[in-house]
Every structure is written in structure tokens, then in C-alpha cells.
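Shown next, in C-alpha cells, is the structure this report addresses.
Small disclaimer: the values here were computed from a predicted structure and weren't measured. Every chain is numbered from 1, with letters handed out A, B, ... down the list of sequences.
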Amino acid sequence: MMITDSLRKEKIEMNLDRNRVVRMFVCGPTVQDKIHIGHARTYIFFDVLARYIRSRGYDLFYLQNITDVDDRIIKKSREEGISAEEVASRNLNLYREILSSIGINSINFFARATLFMDEIRDQVARLLSKGHAYRTSDGIYFRISSFPEFGRLSGQSLESLISGARIAPNENKEDYRDFVIWKLRKEGEPFWESPFGQGRPGWHIEDTAITESFFGPTYDIHGGGSDLQFPHHEAEIAIERSISGEEYLARFWIHTGMVNIRNEKMSKSLGNSVYVSDLLKSYSGSEIRMALLKSGYRSTINFSQDMLDEAKLNSTGLTTLFRKLKNSKPGKGIDNFRTGWIERMQEFLDDDMDTRGAIIALNEFSSYINSNLDNISQDQREYAINVLQWSYDILGIFDLNPDSGSSNSLIESMIDLRNSMRKKKDFHSADMIREKLREGGVYIEDRGDTTVWWIE
RNA sequence: GGAUAGGUGGCAGAGUGGUUAUGCGUGGGACUGCAGAUCCCAUCUAUUAGGGUUCGAAUCCCUACCUAUCCUCCA
């Protein structure tokens with residue numbers, strides 16, 4: 001399959017190896033607060049990518065880090081009078097609940113940074129001994145001048161970073177572009193022991209320590225939001241390659257676009273964050289997935305209520321189709337029945353994970369089956385159910401509604417009674433039964449001489 | 001100022017030289033006792049502006065204007 005590699009800045013063949021584990025790492029959140037729709041966009045995309053790669057016969061290990069110690073978490077712990085560890089644990093639990101609500105089930109391991117202190121200290125020590133890092137009075141810094149390729153991923157040259165710089169000067173640093181890898185302990189902050197003094201890790205080195213301990217110095221896929229390209233992913237590359245001497249850190253770099261609100265990025269200061277937990281009050285996880293997967297993964301999404309409402313319609317349509325297929329009676333079959341729908345979706349996904357194209361193909365499939373629903377044979381019906389099942393497994397943009405049509409003698413007999421009323425043209429009584437069923441949460445639909453029902 | 005994406009109908013959003021996708025919306029029709037779902041047809045005189053290349057440009061080139069993201073908090 002083809003994928004746009006952020007480092008090479010072109011669409012290239014993603015040649016993975018079926019004979020060994022495919023290693024994918026995606027930058028997870030700092031567990032300081034609830035996650036917003038922008039996080040969801042990124043994690044839903046990589047969830048689909050992971051599912052798809054696996055469906056193609058690869059054994060993929062999907063690793064995600066969790067930043068569970070940082071300035072914002074510490075700030076929050078002070079505000080609430082509880083430990084930073086408690087803040088992090090609480091938000092991590094919330095995070096995992098939300099992931100499961102939006103159908104993200106592909107992550108093999110969540111690596112909390114604070115559980116990898118040995119590996120972090122070890123990386124700091126190796127960088128120091130190789131001359132890639134140095135001590136100051138407030139911490140240990142990575143020496144950016146020792147890694148000339150810094151800036152390649154984000155298209156920034158070291159020089160241009162000087163002219164556009166808007167960072168506060170720090171006289172402790174040799175060069176203000178240097179970044180911290182170990183922060184020495186400050187009063188009232190959590191700290192860990194280390195040979196270079198009590199303190200806590202800098203952000204960038206957490207991820208390299210985690211990936212090195214799971215995958216070694218190189219791995220296959222590194223993903224994350226495009227806002228992490230600079231400086232975070234640049235720093236990861238600089239750290240790990242300085243340590244390993246390898247030509248690369250990850251073979252493929254994949255970045256998702258931002259989700260904007262009214263044309264602006266979500267941020268705390270603008271107060272425009274849309275939290276997933278709030279959306280889940282009105283929309284299902286699969287509807288949220290539909291809304292986000294309808295755009296190409298690299299494009300900026302301008303979030304709106306309309307977008308979700310439209311996705312909800314799309315999603316419901318597919319759920320309805322699945323329900324009908326499960327309940328309808330087979331017909332004689334139609335000639336020249338069109339197949340190849342899964343292959344068509346695969347073509348889209350093989351071309352830079354075009355989920356939007358795959359959804360369009362799925363909608364066409366939906367129209368086609370709906371048009372022929374009363375005529376398709378048992379085999380054709382099973383094929384159609386397979387297509388939907390496959391789409392559900394990979395994209396997760398609608399629901400399979402397992403409750404519908406299962407045998408329930410009370411409901412069935414009420415429907416039989418209603419249909420005999422209808423035959424006698426006693427529509428008043430028939431409508432009353434329908435009303436009663438609806439009060440009990442049972443929806444029915446007359447299709448020719450059969451009646452389909454489901455529970456919402 | 002630098003880097004990177006873009007600017008397409010009422011809205012969202014494809015399309016890298018030659019029948020103007022697709023979804024939502026809107027109008028009409030079919031089906032139905034009704035409802036629901038679905039299907040069909042139509043509709044919205046759409047390509048930021050100005051030049052250029054070409055038989056032909058949304059697509060390639062130039063200029064201008066505009067927008068977003070990044071340039072050490074960030075998914």
C-alpha cells in the first residue's frame with residue numbers, strides 16, 4: 001500500500017514484512033484533561049490504519065505512550081490538592097473509557113512514561129557520554145549542534161529556526177534551540193532519583209526510551225498529530241539516532257491534520273475545545289468515527305455540528321441496511337450481481353488510506369443493495385452482509401445492531417396480531433399495537449408482506 | 001519573516017489537461033392504508049482575482065489577495 005511519508009514528503013510504497021512483527025508507535029496524550037475531538041481524529045485514524053494493516057495479514061504491534069508527568073499535570077494536582085500521580089491515573093482511566101466508546105480497540109500497549117524511568121535515565125546517560133548532551137544548573141540539555149539533520153522532518157533548517165525563534169532565551173543553555181531531556185528537581189514537584197540529580201524527564205526523551213525498550217533503535221511506523229512534527233518528532237529523531245547511530249528512527253512517518261473550530265485550532269486559551277465526552281451525549285462512537293473518517297487524514301477538518309449530523313444520517317443508513325439484510329427474506333436472485341465491493345474499498349485504502357473514498361464506495365454499495373433488496377438471493381444476501389461486516393471491522397462507522405430480529409415470541413405475536421388487523425383493514429387497532437410496541441422501544445417497519453422490527 | 005497545506009455550488013468535499021464526483025440541503029415522483037425505510041428524477045447558472053502556456057485549464061506557469069497549521073504547551 002501507498003502512504004504519504006512526512007519525512008520524505010512524498011507518497012511511497014509502505015513495504016512491510018509479513019514474516020515479522022510490524023511495529024507502530026503513535027504519540028498518545030498528556031493525561032492532564034479530557035480528550036477533545038482533535039485527539040479523537042488522530043487516534044481514530046491510527047485505529048483504522050492498524051485494523052487495516054492487520055486485515056492484510058500483517059502481525060502489527062501498536063504501541064502508544066502516555067505522558068503522565070508534566071507541567072500541566074503538576075499544576076492541576078496543586079489546584080486540586082492531590083498528587084500528580086492521581087491526576088494522571090484518573091485521566092488515563094477516563095481516556096481509556098473514551099477510546100473504548102469510540103471503538104478504538106487496536107492498541108496493544110499503553111506505556112506510561114513514569115514506568116520507564118530506568119530506560120529514560122539510561123538514554124540520558126548515553127547521550128551525555130557521547131557528547132550529545134550537557135549539564136546546566138537546571139537540567140540536562142540535548143546539544144542540537146551535534147545533530148545536523150535537526151529540522152528535516154518539519155522542513156526547518158537550523159538557521160531558519162534562529163530567525164523565526166520566539167522562545168524565551170535561557171542563559172543556562174549553550175544554544176537556545178537546545179531542548180531539555182532531564183529537568184532537575186524543583187520544590188514541590190514530583191521527582192525521581194538519577195545519577196545526574198533528582199528530577200524528571202523532558203517530554204521528548206520519554207518516547208524514545210519507550211520505543212527503544214519495546215522496539216529497539218528503529219521501527220516501522222511512527223504516527224501522531226501534525227502539530228507534533230516540530231519540535232517533538234524532530235527531537236525524538238535527534239535523540240534516538242544520536243544514541244543508535246542508525247540512519248533512521250522510523251521507516252514511515254505519518255501525520256494527521258488538525259481539527260479546527262470555526263477555522264481556529266482548539267486551545268485552552270481560546271476556550272473552544274470540543275470534548276469527546278460531551279459529543280458522546282448526542283452521538284454514538286461510530287457516528288463520530290464516520291464524521292472524522294469522511295475527510296482525508298491529512299486535511300484540516302473544520303468541525304461543526306452539521307458535520308456530525310450528516311455523519312449520523314450516513315451511519316444510520318448503513319446500520320439500517322444491515323438490519324434489513326439480516327431480516328429480509330431472500331428472493332430469486334439478480335443476474336450480473338455486482339461484487340468486488342471490498343476490493344474496491346481496499347483500493348482506496350491502499351492509496352494513502354483514503355477512508356473518504358472507501359466510504360463513498362460503501363455508500364454506492366448501500367444504494368445498490370437497497371435497490372435490489374427484495375430480489376437478491378440467499379447467497380447474494382450473505383455476500384452483502386460480508387461486505388458490511390468487513391467495513392464494520394475496518395472502519396467502525398456504523399453499528400451492527402445485534403438486537404434486531406432476534407426471536408422474541410411476545411413481540412412476534414404482537415406483530416402477527418397487528419398484521420391480521422391490517423388484513424381486516426382495522427388500521428386503528430393496528431396503529432395502536434404499533435404505538436404500544438414503540439413505547440416499549442420496539443420499532444417496526446412493514447416491508448411487503450413481512451414486518452421487520454428492532455430495538456433502539 | 002520562514003516552512004507546509006489550501007482557496008471549488010446554500011454547506012461539506014473530490015477531481016493534476018478533454019462526459020463539472022459524492023454526501024447533506026431543496027423540489028418533484030415511485031412504493032405504503034398510514035408511518036418508516038428505500039429508490040428514481042430534478043435542482044442549486046460552483047472552480048479567489050488577473051495574466052500566461054495550450055486546439056482545450058478547476059487541473060500546468062506567473063503575479064496578487066486571502067485562510068489554516070507549525071516555527072520549543074500542543075493530537
Quick one: side chain to side chain donor-acceptor pair (under 3.5 Å) partners of S154(A), sequence neighbours excluded? E234(A)

Closer to the 5' end of RNA chain B via nearest nucleotide, is it I301(A) or G38(A)? I301(A)

Side-chain contact check for F179(A): nearest option of U69(B), U72(B), C73(B) is U72(B)

Side chains of Y52(A) and D350(A): donor-acceptor distance under 3.5 Å anywhere? yes

From C-beta outward on N263(A), which listed nucleotide comes closest to its side chain: U67(B), C24(B), U69(B)? U67(B)

Protein-nucleic acid N or O pairs under 3.5 Å, nucleotides 20-23 of chain B:
unit_1 : atom_1 : unit_2  : atom_2 : d
G23(B) : O2'    : E310(A) : OE2    : 3.1
G23(B) : O2'    : N314(A) : ND2    : 3.4
G23(B) : N2     : E310(A) : OE1    : 3.3
G23(B) : N3     : E310(A) : OE2    : 3.3

Using the criterion of both pairing distances under 3.5 Å for Watson-Crick and G-U wobble pairs, give all stems of 3 or more consecutive pairs involving RNA chain B. B:1-7 with B:65-71, B:10-12 with B:22-24, B:25-30 with B:38-43, B:48-52 with B:60-64

Compile the donor-acceptor pairs under 3.5 Å between side chains in residues 329-338 of chain A and protein atoms, sequence neighbours left out, one pair per line.
none

How would you summarise protein contacts on nucleotides 26-36 of chain B per nucleotide, using B for base, S for sugar-phosphate only and - for none, with heavy-atom distances below 4.0 Å? -------BBBB

Determine, for D446(A) against R418(A), whether the closest basic-nitrogen to carboxylate-oxygen distance falls under 4.0 angstrom. yes

Using 30° and 60° as the class limits, which term best fits the ring planes of F61(A) and F215(A): parallel, tilted or perpendicular? perpendicular

Taking the C1' atom of each, how far is G36(B) from A30(B), in whole Å? 16 Å

Ionic contact status for K75(A) with E79(A), cut-off 4.0 Å: yes

Going by heavy atoms in the side chains, are K34(A) and P29(A) under 4.5 Å from each other? no

Will you find, in the side chains of H232(A) and D207(A), an N or O donor that is under 3.5 Å from an N or O acceptor? yes

Please verify the inter-ring angle class for F230(A) with F150(A); under 30° counts as parallel, over 60° as perpendicular, anything in between as tilted. perpendicular

Would you measure the distance from the P atom in G10(B) across to the matching atom in C66(B) and give it in whole Å? 23 Å

Tell me if a side-chain donor or acceptor on S100(A) pairs with a main-chain N or O of R96(A) at a distance below 3.5 Å. no

If the P atom of C60(B) is compared with that of C71(B), how far apart are they to the nearest Å? 29 Å

For the P atoms, the ones on A21(B) and on U45(B), what distance do you get once it is rounded to whole angstrom? 14 Å

Produce the list of close N/O pairs, under 3.5 Å, pairing protein atoms with atoms of nucleotides 5-7 of chain B; give distances to one decimal.
none

Sorted by position of nearest nucleotide on RNA chain B, 5' first, the leading residue of S295(A) and T320(A) is S295(A)

